[in-house]
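See structure below.
Computation of the quantities below employed the complete heavy-atom set of this structure, encompassing side-chain atoms and omitting hydrogens, waters and symmetry-equivalent molecules.
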Amino acid sequence: MARKPMIAGNWKMYKTSGEGAILMQALESSVSSMWDRVDVVVCPPFTALKSVSTVIELDRLNIGLGAQDCHWEQDGAFTGAISTRMLTELRCDHVIVGHSERREMFGDTDQNVNKKVKAVFAAGMVPIMCCGETLNVHEAGDAESYVRAQVRAGLEGLTVDQAESVIVAYEPIWAIGTGRTPTPEVANDVARTIRATIGAMFGPPAAMEARVLYGGSVKPENAVMFLREPDIDGALVGGAALNADSFTEIIEAAL
Ligand code: PGA
C-alpha cells in the first residue's frame, strides 16, 4: 500500500489556548477539502490541547492532534510532566518524541526516547520520533551512522505492528529554525537509511509501511522539493506551521 503523506505542525512554545483555537479556525476551510489525500496533524503546547481539540471535535475536522512530549509513566511524582493517559483524554492521537530541543535542553536520552515511544504506543497513540545530527556530525560526514544509531535505540523492542505504523522525523539540528536545509537528495539518502534500519530491525513490510518525514526549515517555497523525494513521506513543520496560509501551502505541496 502506498504511504499516505503526512504534514505535521510542531507549534513549539507558541500559541496560547485562545490563539491556538483561532489558528485552527483559520486552517479549517483549506484543510477540510484535502484530508483524504494527506494526513494533517497539529501539535500545540499542552495548555492549548484542550481548545484545539474542541475546535477539531465541534467542526468535525479531519486533523490529528499531537502533543510535543510525554512522560513514560502513567502517573507519579514527576513535577511538570504529562502522561499519555492525560493526552488520550484530550483526544490526542500522536506525540512528538525525542525532538532535538528536548534532547538538548531537557535531557532526553535515546533510552528515555525509547520508553516514551513504547508508552505512546501502549496508550493507543502514534509516536513521531525525531532524529537528526548536529552540524559537527554533519560536517564530518557521519549523519547516516548517527541517525541509524538513534533509530535503533529509539525503536528498540517494538512489535512489528508498531514498527509498521511508526513515524520517524529526520530533522538535522543545524536545519531547524535556521533557514538552512540539506539538499532534497541528501535528506532522501538519510530517509532511506532510516527506512533500511527499520527494515533490518523489523522486516521489509515495516520498512515499506513506516512513514519518514523531513523537518528543518520546511517552507512553502521548498516543501515540494522534499516531498517529491521517494523516501520522504511528509514534513514536520515548525515556524511555517504557525501561520494558516503557509501551513496550508505546505499541505498543498504534499498533494
Ligand atoms: P522549523 O522547525 O520548521 O522551524 O525549522 C522544525 C522542527 O523543529 O520541528
Margin query: Please evaluate residues Glu139 and Trp174 with respect to the criterion side chain to side chain donor-acceptor pair (under 3.5 Å), reporting the C-alpha separation (whole Å), side-chain torsions for both, the decisive distance (0.1 Å), and the verdict.
Written below: CA-CA 10 Å; Glu139 285 175 344; Trp174 51 274; over 6 Å; no
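For Met105, the CE atom is densely surrounded, since the number of other residues' heavy atoms within 6.0 Å is greater than 12. Open room surrounds CD on Glu89; 12 or fewer heavy atoms of other groups in view lie less than 6.0 Å from it. When the shell of 6.0 Å around CZ of Phe46 is examined, it contains more than 12 heavy atoms from other residues, nucleotides or ligands. Within 6.0 Å of the NZ atom in Lys219, the count of heavy atoms belonging to other residues, nucleotides or ligands exceeds 12.
Panel note: side chain Ser53, backbone Leu90; a donor-acceptor pair is recorded below 3.5 Å. In terms of modelled atom types and a separation under 3.5 Å, the side chain of Arg211 and the main chain of Lys4 share a donor-acceptor contact. Between the side chain of Asp231 and the backbone N or O of Arg192 there is no donor-acceptor pair closer than 3.5 Å. Side chain of Arg195 to backbone of Glu209: no donor-acceptor contact under 3.5 angstrom is found. Using a distance-only test at 3.5 Å, with no hydrogens or angles considered, a donor-acceptor pair links the side chain of Thr183 to the main chain of Val186. For the pair Asp233 (side chain) and Val212 (backbone), a donor-acceptor distance under 3.5 Å is present. With hydrogens and angles ignored, the 3.5 Å screen pairs a side-chain donor or acceptor of Asn243 with a backbone N or O of Ser246. The backbone N or O of Gly64 sits nowhere less than 3.5 Å from a side-chain atom of Asp93 that would complete a donor-acceptor pair. Between the side chain of Ser217 and the backbone N or O of Gly179, at least one donor-acceptor pair lies under 3.5 Å.
Between Lys118 and the options Leu155, Thr159, Leu158, Val113, a side-chain contact (heavy atoms from CB on, under 4.5 Å) holds for only Leu158. Applying side-chain contact (heavy atoms from CB on, under 4.5 Å) to Lys116 and the options Asp69, Val95, Ile96 leaves one that passes, Asp69.
Tracing side-chain contacts under 4.5 Å through hydrophobic residues (I, L, V, M, F, W, Y), one never reaches Tyr214 starting from Tyr146; they form parts of separate clusters. No single ILVMFWY cluster, assembled from side-chain heavy atoms under 4.5 Å apart, contains both Ile173 and Met129.
Annotation for Ser17 and Thr47: closest pair CB-O, 3.6 Å, computed over non-hydrogen atoms. Pro44 approaches Trp11 most closely through the heavy-atom pair CB-CE3, 3.4 Å.
For the residue pair His99/Gln68, the side-chain donor-acceptor check at 3.5 Å is not satisfied. Residues Gln150 and Tyr170 bring no donor and acceptor atom of their side chains to less than 3.5 Å of each other. Under 3.5 Å, the side chains of Thr193 and Glu144 contain a donor-acceptor pair of N or O atoms.
Considering NZ of Lys115 and CG of Asp110, their distance stands at 12.5 Å, rounded to 0.5 Å.
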